[in-house]
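Since the structure comes first, as structure tokens, the remarks are kept for the end.
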Amino acid sequence: NSCDNQTAIAIESLNVSGMMKNRNLAKSIADAGWSQFTTFLKYKAADVGKQVIEIGRFYPSSKTCSSCGVVYSDLKLHERKWSCKSCNTKHDRDFNASINIAMEGARKKAGSTLAGGEDINLDLILRNIKDSSLGETDNLAIRQCDPRGV
């Protein structure tokens with residue numbers, strides 16, 4: 001019901017088979033069942049008239065500052081929090097990636113022939129991220145990540 005006002009869902013396309021080769025990640029990835037989840041998501045979304053937009057696995061969602069757009073190319077996998085050297089915004093790696101994936105999904109949808117002339121509602125995207133099951137720390141972080149400074 002909370003997705004009635006949305007026409008699309010953005011997800012990151014992951015190289016699941018490649019990630020399964022990493023013995024440190026394999027069990028967690030297998031437990032998550034990402035491939036099956038995306039199959040179900042696409043099926044269910046289509047059933048209710050929603051579009052699933054996949055963001056390519058090489059899009060630097062974790063490494064891009066969601067405030068200013070600068071890419072921190074030296075970010076290592078073990079670094080879970082980082083600060084942008086350009087605008088000094090502090091980021092949680094996964095939370096920052098979720099904002100970038102949502103924004104890239106909105107950009108791709110706006111550029112597609114399926115967009116139907118809809119405007120990208122940045123307020124709605126950010127409100128939905130804020131209203132998700134994020135902790136208070138992450139809700140504070142999103143205010144810093146809002147590209148409009150709101």
Side-chain angles (χ1 to χ4, degrees), residues 1-73 75 77 79-82 89 91-150:
N1 290 341
S2 64
C3 294
D4 285 345
N5 55 2
Q6 299 173 345
T7 58
I9 301 165
I11 61 172
E12 190 171 22
S13 152
L14 300 173
N15 179 8
V16 175
S17 61
M19 291 170 25
M20 291 290 288
K21 293 176 184 173
N22 179 330
R23 64 183 178 91
N24 295 322
L25 299 174
K27 184 177 182 336
S28 298
I29 292 164
D31 287 347
W34 184 254
S35 296
Q36 186 173 18
F37 169 73
T38 58
T39 300
F40 287 157
L41 180 63
K42 289 175 186 176
Y43 165 73
K44 291 293 189 180
D47 221 27
V48 294
K50 309 293 182 188
Q51 178 184 8
V52 174
I53 300 170
E54 289 191 75
I55 308 305
R57 68 178 76 156
F58 297 110
Y59 177 73
S61 59
S62 297
K63 297 178 178 188
T64 302
C65 174
S66 56
S67 292
C68 70
V70 169
V71 177
Y72 176 35
S73 57
L75 186 66
L77 185 59
E79 294 179 71
R80 305 316 300 169
K81 297 188 183 301
W82 60 279
T89 301
H91 294 291
D92 173 88
R93 178 191 190 100
D94 296 327
F95 184 71
N96 181 60
S98 71
I99 294 169
N100 287 327
I101 289 166
M103 301 307 273
E104 179 67 3
R107 186 193 66 75
K108 285 179 81 172
K109 180 166 177 30
S112 76
T113 55
L114 301 173
E118 301 165 20
D119 290 329
I120 296 174
N121 188 336
L122 181 59
D123 290 323
L124 180 61
I125 292 169
L126 292 173
R127 187 171 51 246
N128 286 332
I129 294 171
K130 287 177 190 177
D131 292 344
S132 69
S133 59
L134 301 170
E136 184 57 32
T137 304
D138 290 330
N139 280 328
L140 291 173
I142 196 168
R143 287 194 282 278
Q144 295 174 341
C145 296
D146 188 333
R148 297 158 309 147
V150 176

### Message
Quick check: closest heavy atoms across Asp92 and Lys81, and the distance to 0.1 Å?
### Response
OD1-NZ, 3.4 Å

## Note on the structure
For Gly105 and Ala10, the nearest pair of non-hydrogen atoms, with its separation, is CA-CB, 3.8 Å

### Contacts of type side chain to side chain donor-acceptor pair (under 3.5 Å), residue Thr64, not counting sequence neighbours
none

### Summary
Smallest heavy-atom separation, His91 atom then Cys65 atom, equals NE2-SG, 3.2 Å

### Query
Are side-chain heavy atoms of Ser66 and Met103 found at a separation under 4.5 Å?
no

### Query
Quick one: does Ile11's side chain get under 4.5 Å of Thr38's, heavy atoms only?
yes

### Message
As an exercise, state the distance from CG of Asp94 to CD1 of Ile99, rounded to the nearest 0.5 Å.
### Response
11.5 Å

### Task
Please report the closest heavy-atom contact between Ser62 and Asn96, naming both atoms and the distance.
O-ND2, 3.4 Å

### Query
Just checking, any donor-acceptor pair under 3.5 angstrom between side chains of Ser61 and Glu12?
yes

### Message
What's the separation between atom CZ in Phe40 and atom CG in Asp47, rounded to the nearest 0.5 Å?
### Response
13.0 Å

Side-chain donor/acceptor pairs under 3.5 Å, residues 53-60, sequence neighbours excluded:
unit_1	atom_1	unit_2	atom_2	d
Glu54	OE2	Lys42	NZ	2.6

### Query
Lys63 and Leu75: which non-hydrogen atoms are nearest, and at how many Å?
CE-O, 3.8 Å

### Task
For Arg93 and Trp82, work out which heavy atoms get closest and say how close.
CA-NE1, 4.3 Å

